[in-house]
Every structure is written in C-alpha cells, then in structure tokens.
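This report concerns only the one structure given below.
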Amino acid sequence: MIAYCPNDEYYNAAFRNILAMLEGSTPVNIKRAAFLIEWAYLQGRLDYKQFCNDISQTVRGLNSFIDQAGVRQYRTAGNYALFEYFTKPNLMNGNKPFSYDFEDFTGTDDYTKQFVTKVMRTHTGQCRSLPMYYKILAEEIGAEAYLAQAPNHLYIKHLGEDNKWVNVELTNGSLASDAHIISSLGISAESIRNRIYLDAMSEKETLAFLLEELTNGYQRLYGYNEFVILCCDKSLQYYPHNISALITKHNAARTIGLAYLDETGNMIDSTAKANHNRWRETAKRIEELGYRDMPEDNYLEWVTTMKTEKLKLQTEAYTEINH
C-alpha cells in the first residue's frame, strides 16, 4: 500500500482512517476522527478505549439528566442537556462548568491546548475544542448539532423547537444571533452567500474539515510539505468551500514554492511554474469566496468582549422545554 505520509506512521494511519470515512468504505465516526488528530500529534500516546470510556460516562450523565428533566420527547432535549452540561454547575460536570482558556488560546506554545482531551480533563478550552467536544457528545446522544465556521472561529448550530436555527456560542456559554456573529466578527455578505461562514457543516463536510485540521499538528512537527497539500486537496474534494483548507493549501503552496526556488537557485522550470500556479489558483479562489483576514489581536479582543459582556440572547429554545 502507498504510504501517503511516509515520514510518520501515525499521521499516515490517521489520514487513511479519516479518508476511508469520507470515501464511504468505513462508517462515519466523528468521535474517532477527532481522536485521531490528537493521537497522531502525540505519536500514539493516547488510548482510544479510555477516550471512549470517558465519553460514555458523560453520555450516561446527559441521558440521565434528560430523563430526570422529563424532556425526552422534545427534539432539542439533547441540546438542552448539553447546554446545561457546558454552562452551569451540576452533577453532569462535577459542578465545574466549562470556560474559555485565555492562556495560549491559539496553541502557539502548546498545541495540545487545542485538544478535546484537554477540554475533557480541565473543563477549559477555546473556540475549536469546545464546540468539537459538543459535537462529539451530540453524536453520542443522538442530538442534532452542526459545526459552523466564522473568521478564526468555530461554533455550534442546531434547529430549535420552532425549526429555526440556534447558534450555541461556547466561548461564553450563551446563544448568539446570526446578526451578532456577523456584526461582531465583520463577516461579509459575500462570504455568507458563498457558504464559507455561518453554514452548518454536513457530516461529510465535518470529516473533510477534520482532515484539514490533521495538518495543523503535522505542520508543528514537520512544516509544510506535500502531505499538507494532499490533506487539503482531499478536504476540498468533499467540502469545496472549506476556507480553512484553502488558506492552508495557499500557505503550503507558497512555502513549498519558495523552498524549491531556494534549492534550485531560482530556476524557473516546470516544477517552479506548477508550484506558482497552485499558489495563484488558491489565492484567486479565496478572494472569490469573499474571505477577509481577521488578525489574531482582533480575535482576542472579540473573545474578551464575549467574556465580559454577556450577550442578551434568546434562551427560550432551552428554557421553554424546562417548564
């Protein structure tokens, strides 16, 4: 068999497993795919059986809460239980709700800050790990939940009792309207129309998103190379408007292209031209989709605002079924 990532058996295995789910040769399993990203980065030093056991213990608590609250008949029963689990002290979370971790929130110094296993262990996380954990738990209890992207951000969407979209913002444990997300993060109408932001990911798109995320840890270990391009290409095959994959491919193409020119003394041959063309093509596609960069400092300012100023949000979707 071809080794897609010949320099690392763990990333090779993770890639193959997630790709098999995308191609339909193995069942879709978001929990398994999310685990593989962390397992590969830690070079196999994670136990999937223990991970599943920990998830199962939480699932039992969530199901017990739903039954005790007498809300099993509602479509949002699972979402209600998850919102309580993440945002309020209770038996399900050991009286320790989940909060945003402001220390190295991008994982620059410690990439494991981005991990779901870190959230499970500490009840702290950020805009990638918190919604990912929510998504995994939702899958396990049969609740409807979708990941959605915003600039440098990830959050949860699900349909409410009135069949309208509800946005779950785990950065501050609240519900956010589309209008607030759009205005506070400066999202363009063009990017919304092209579905790069505020769009609920399908199961296949979620797997494709995770396949691109696999490259984030890989880059920390090995930098940009053709394996990163491969992951992005496969991600875009199943999720063509995945802005994260386009940006990663764009950066990888630039880095690979410049490295090749350095190695060859700026020789412009067919390889150099091919490198330049894929860099240019991704730049064009990113611009067509309406992407606008959000600097890290601006995002941190937004997160801080989310923490200090609780949004006035419609919690009726949850409180209504508790009466």
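The first residue in the sequence is number 1, and the count goes up from there.
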Exercise. Taking L170 as the fixed residue, which of F83, Y155, Y100, Y134 is the one that meets the side chain to side chain contact (heavy atoms under 4.5 Å, CB included) rule?
Worked result: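 Of the listed residues F83, Y155, Y100, Y134, the side chain to side chain contact (heavy atoms under 4.5 Å, CB included) partner of L170 is Y134.
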Exercise. Considering the options N242, I247, L246, which one meets the side chain to side chain contact (heavy atoms under 4.5 Å, CB included) requirement together with S244?
Worked result: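 Only match with S244 under side chain to side chain contact (heavy atoms under 4.5 Å, CB included): N242.
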Classify the side-chain pair [X]/[Y] by whether it contains a donor and acceptor separated by less than 3.5 Å.
| X | Y | value |
| --- | --- | --- |
| Y224 | E226 | no |
| R75 | N163 | yes |
| T124 | K118 | yes |
| D8 | Y222 | yes |
| E38 | T117 | yes |

Tell me every residue that passes salt bridge (charged side-chain N to carboxylate O under 4.0 Å, His left out) with [X], counting only those two or more places apart in sequence or in another chain.
| X | value |
| --- | --- |
| R220 | none |
| E287 | none |
| K135 | E139, E203 |

Just by distance, do the side chain of [X] and the backbone of [Y] share a donor-acceptor pair under 3.5 Å?
| X | Y | answer |
| --- | --- | --- |
| N90 | N95 | no |
| E205 | S202 | yes |
| S188 | S191 | yes |
| N29 | K31 | yes |
| Q43 | Y10 | no |
| R45 | L42 | yes |
| N93 | K88 | yes |
| H158 | V166 | no |
| S64 | R60 | no |
| T76 | E161 | no |

Problem set entry | Parallel, tilted or perpendicular, as decided by the 30° and 60° cut-offs, for the rings of F227 and Y218 | tilted
For this session: Using the six-membered ring wherever Trp is involved, compare the ring planes of Y197 and Y291 and label them parallel, tilted or perpendicular (cut-offs 30° and 60°).
Result: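 Tilted, since the angle between the ring planes falls between 30° and 60°.
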Exercise. Any chance NZ of K204 has more than 12 other-residue heavy atoms, nucleotides or ligands included, within less than 6.0 Å?
Worked result: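 Result for NZ/K204: enclosed.
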Do the charged groups of [X] and [Y] touch, with an N to O distance under 4.0 Å?
| X | Y | result |
| --- | --- | --- |
| E213 | R128 | yes |
| E288 | R193 | no |
| K157 | E169 | no |
| R121 | D54 | no |

For this session: Starting from the C-alpha separation in whole Å, work towards a yes-or-no answer on ring-ring contact (aromatic ring centres under 6.0 Å, His included) for Y239 and F209.
Result: CA-CA 8 Å; Y239 185 3; F209 175 80; 7.2 Å; no
Exercise. Do L154 and Q149 touch side chain to side chain, with heavy atoms closer than 4.5 Å?
Worked result: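 Yes, their side chains come closer than 4.5 Å.
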Exercise. Checking ring pair (Phe, Tyr, Trp, His ring centres under 6.0 Å) against F35, which of Y48, Y41, F115 comes through?
Worked result: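 One option only clears the test, and that one is Y48.
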